[in-house]
Amino acid sequence: MKNFKRGKQFLILFFLMTGFVKAQTIINGHNIIDASKMRFLTSDKDSGKITMNQVDDEQIFTVTTSDQPQFIYQLANKIPTKHTDFSKGQVFLLSFQAKTVFSSLETGEAKMLWLFRQSESYQDNLTSTLSISSDWQEYFIPFQATRDISKDDFRLVLQYGFKPQEFLIKDIKFQVYPEGTEVTSLPKTKISYAGMEADAEWRQKANERIEMLRKGKFTVQLLKDGQPAAHQNISIKLVKHAFPFGAAMDAQDIVEGNLKYENFKKAFHYTVLANDLKIKAWNRENKRKVTLEALDVLEKDDIDVKGHVLIWPGFQYLTPEVRQNRDNPEKVSEIVETHVNNLLEVTKGRIFKWDVVNEAYTNKDLQKITGSEQILYDGFKAAKKHQPLALRYTNEYGIISKGGIDTKKQQWYYDFIKRIDANTGGLVQGIGIQCHIGSDLTPPERVLELLNYYASLGKQIGVSEFTMDVQDPEIREQYTRDFMIAAFSHPYVSEFLFWGCTDDDRDKVDIYTEDGQIGVMGKAFFSLVHEEWKTNVYGETNENGEVSGRGFFGTYEYSFVQDGKVIKGTFDLLPRKNSTFKINI
């Protein structure tokens, strides 16, 4: 990955207190904490509170969570700062000292989340989740503004709505640095996660499962005039995984056939159209035309497509007509039903899987208007009716991400899937789990625990939207690699989709960099899918004209020379299918 791009990159860090890295010299910036107002950084709510104790000239704040709220942000306090405007690329350093007094987590460490607000849109928020040591430690979090920030929009917020806990915090500073300061020159706390050791037991077991679950034996027999062709040199190589590794793409890039799409095809054989099949885009005639052209290109290029999404039940993701008829449930139901039926009819035969319902935990406007979840259940019934061969998935975020600690949401999603099945006759075929990984890196063992939990429902599981906010190259590459190993090793995981392919201003996915080079996450991906999880066999047929091997399931290409000509062909090695392939020369 090229050097961090000034004015674009920011660091979001997760801290497990297994060690720290401090810069030899702390660069001094301008502290914008309003010290005169820090004494007002207190609160008292039913589920938690912040109190202050003055010790000599030092203010020590005790932060207590007595009962975990539904959302982390429901226990939060704004840090008083001096208001001013900031420019894109501005570099900041948050520092403080803290220690855990009590924690109900198995690690014994309290947790906090820092939110760096840049605008009214939550998409512009920068966040950092920390685990706090039981001893006083100093913490450093560098940030870099990804946009211009007005003084009215800027906020620094401490959130502490985790499981019951108590921690102390003092000496909070938020320094801003002059233009031209490199974010990499600032101190930062060491990034770590449980299970990242080279000899971690989970990884060894995962690789053993991959060998057992994702590979099979095969035999290729060459025949000439019905007789075995002995002593014939032959090359056999995997050219396409049966397991769908993929990435989100935009229809416009596919139609243009630009560098983004050309690079995509070098890595993947599976895609999801990120925004083009959503109701707002689909209702625009010009966008719909491009989307249909993109589907034609993908079919020609033999790339399977996942449809996203039939129903996203929040006002902000629906057309204005829905909000305008919020007091008319019959009309709203008609609008949604018409859209779903039209989309399914027009795309029939072109979609491999559908995200039927997306993010119903936080988006409940359709359910509130119509008085129940029936409108969501009807989406599954419509998908079954119009596209019976396309697999039907739910899709939800915040299940595995955020350290895997949101047990309330995990339970809700589990129960939601059961409710859909109960009301549709079992029409859910796949469980989509978005994995937008922030600073709180979920340990691979916890990832596997959660996959096991949802596997108990007996359905396929899709890693549907993998991204990473952490920009540190070393941890970004290793965690991507470890997460892929954990997911690929699980027998119920049926897909792995990156939510993007080429790096952009969001810095979420960099299989490729903007200039077309392999990115940091791309290094992890290619090292696994195109190297470690690749099968190449080169050998000579025996007296029976056979060459045998063991390889990953997928499409294989064989080639050999016969009478001075290179003969090529393909065969598919699939689980529980014929694994002996006879080839007549």
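Nothing fancy with the numbering, it's 1 onward along the sequence.
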Main-chain N/O of [Y] paired with [X] side-chain donor or acceptor, under 3.5 Å:
X: W202; Y: G195; answer: yes
X: S494; Y: I461; answer: yes
X: T65; Y: Q165; answer: no
X: Q471; Y: D469; answer: yes
X: R446; Y: G404; answer: yes
X: E477; Y: K523; answer: no
X: T467; Y: W499; answer: no
X: T442; Y: I400; answer: yes
X: E396; Y: Y361; answer: yes
X: Q410; Y: I399; answer: yes

With the threshold set at 4.0 Å, does a side-chain nitrogen-carboxylate oxygen contact exist between [X] and [Y]?
X: E531; Y: K534; value: no
X: K260; Y: D250; value: no
X: D301; Y: K265; value: yes

Distance from [X] atom [atom1] to [Y] atom [atom2], nearest 0.5 Å?
X: Y139; Y: T189; atom1: OH; atom2: OG1; answer: 7.5 Å
X: F143; Y: F116; atom1: CZ; atom2: CZ; answer: 7.0 Å
X: Y492; Y: Q460; atom1: OH; atom2: CD; answer: 10.5 Å
X: T219; Y: F581; atom1: OG1; atom2: CZ; answer: 9.0 Å
X: I431; Y: L457; atom1: CD1; atom2: CG; answer: 4.5 Å
X: L450; Y: Y414; atom1: CG; atom2: OH; answer: 12.5 Å

Subject >> Test applied, ring-ring contact (aromatic ring centres under 6.0 Å, His included); reference residue, H530; option that passes from F268, F552, F525 >> reply: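 Testing each of F268, F552, F525 against H530, the sole residue satisfying ring-ring contact (aromatic ring centres under 6.0 Å, His included) is F525.
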
Original post:
With F245, which of F526, F264, F488 fulfils ring-ring contact (aromatic ring centres under 6.0 Å, His included)?
Top reply: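 Of all the options given, the one that passes is F488.
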
So, do [X] and [Y] sit near enough that their side-chain heavy atoms are less than 4.5 Å apart?
X: T347; Y: Q387; value: yes
X: D302; Y: K240; value: yes
X: V509; Y: C501; value: no
X: D355; Y: K306; value: yes
X: M521; Y: D503; value: no
X: W533; Y: I210; value: yes
X: E299; Y: V305; value: no
X: N536; Y: K237; value: yes

**OP:** Anything under 30° is parallel, anything over 60° is perpendicular, the rest tilted; go ahead and classify Y317 against W312.
**Re:**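 Plane angle under 30°, so parallel.
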
Original post:
With under 30° as parallel and over 60° as perpendicular, where do the rings of Y270 and F352 fit, or are they tilted in between?
Top reply: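 Perpendicular.
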
**OP:** Apply side-chain contact (heavy atoms from CB on, under 4.5 Å) to the pair L441 and I475, showing each step before the final yes or no.
**Re:** CA-CA 10 Å; L441 299 177; I475 198 72; 3.8 Å; yes

Subject >> Audit row: Y556, V239, side-chain contact (heavy atoms from CB on, under 4.5 Å) steps and yes/no >> reply: CA-CA 5 Å; Y556 282 76; V239 293; 5.9 Å; no

For [X], does the [atom1] atom have more than 12 heavy-atom neighbours from other residues, nucleotides or ligands under 6.0 Å away?
X: K408; atom1: NZ; result: yes
X: K364; atom1: NZ; result: yes
X: E445; atom1: CD; result: no
X: E474; atom1: CD; result: no
X: E197; atom1: CD; result: yes

Going by the rule ring-ring contact (aromatic ring centres under 6.0 Å, His included), which residues pair with [X] if we only count those two or more places apart in sequence or in a different chain?
X: F553; result: none
X: F162; result: none
X: H490; result: none

**OP:** Kindly indicate whether a cation-pi arrangement holds for K188 with F140, taking the cut-offs as under 6.0 Å to the six-membered ring centre and within 45° of the axis.
**Re:**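 No; the conditions do not both hold, so K188 does not lie above the ring face of F140.
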
**OP:** Identify whether NZ of Lys or CZ of Arg in K409 sits under 6.0 Å from the centre of the six-membered ring of F71 and within 45° of that ring's axis.
**Re:**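 No, K409 and F71 do not form such a contact.
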
Original post:
Of L427, V357, I420, which is the lone residue that meets side chain to side chain contact (heavy atoms under 4.5 Å, CB included) with R392?
Top reply: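 For R392, the side chain to side chain contact (heavy atoms under 4.5 Å, CB included) check succeeds only for L427.
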
Original post:
For residues T127 and N125, is any side-chain donor paired with an opposing acceptor at under 3.5 Å?
Top reply: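 Absent: no donor and acceptor within the cut-off.
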
**OP:** State, without any angle test, whether E465 and N395 hold a side-chain donor-acceptor pair at a distance under 3.5 Å.
**Re:**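 Note: E465 and N395 side chains meet the donor-acceptor criterion.
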
Original post:
Who pairs with Q118 by side-chain hydrogen bond (donor to acceptor under 3.5 Å, both in side chains), at least two apart in sequence or on another chain?
Top reply: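 Applying side-chain hydrogen bond (donor to acceptor under 3.5 Å, both in side chains) to Q118 gives T146.
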
Subject >> Criterion side-chain contact (heavy atoms from CB on, under 4.5 Å) on D510 and R476, from CA distance to verdict >> reply: CA-CA 10 Å; D510 62 336; R476 187 175 176 90; 3.2 Å; yes

Original post:
What salt bridge (charged side-chain N to carboxylate O under 4.0 Å, His left out) pairs are there with at least one residue in residues 479-494, not counting sequence neighbours?
Top reply: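 For residues 479-494, and leaving out neighbouring residues, the salt bridge (charged side-chain N to carboxylate O under 4.0 Å, His left out) pairs sorted by first residue read R203-D482, R481-E532.
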
Subject >> Selection residues 421-438 - residue pairs positive for salt bridge (charged side-chain N to carboxylate O under 4.0 Å, His left out), sequence neighbours left out >> reply: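 Listed by first then second residue: D421-K459.
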
Subject >> Closest heavy-atom pair and its distance - G432, S464 >> reply: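 So the minimum-distance heavy-atom pair works out to C-OG, 4.0 Å.
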
**OP:** Take W354 and L277 through the test side-chain contact (heavy atoms from CB on, under 4.5 Å) and record every step on the way to the result.
**Re:** CA-CA 10 Å; W354 271 107; L277 290 172; 4.0 Å; yes

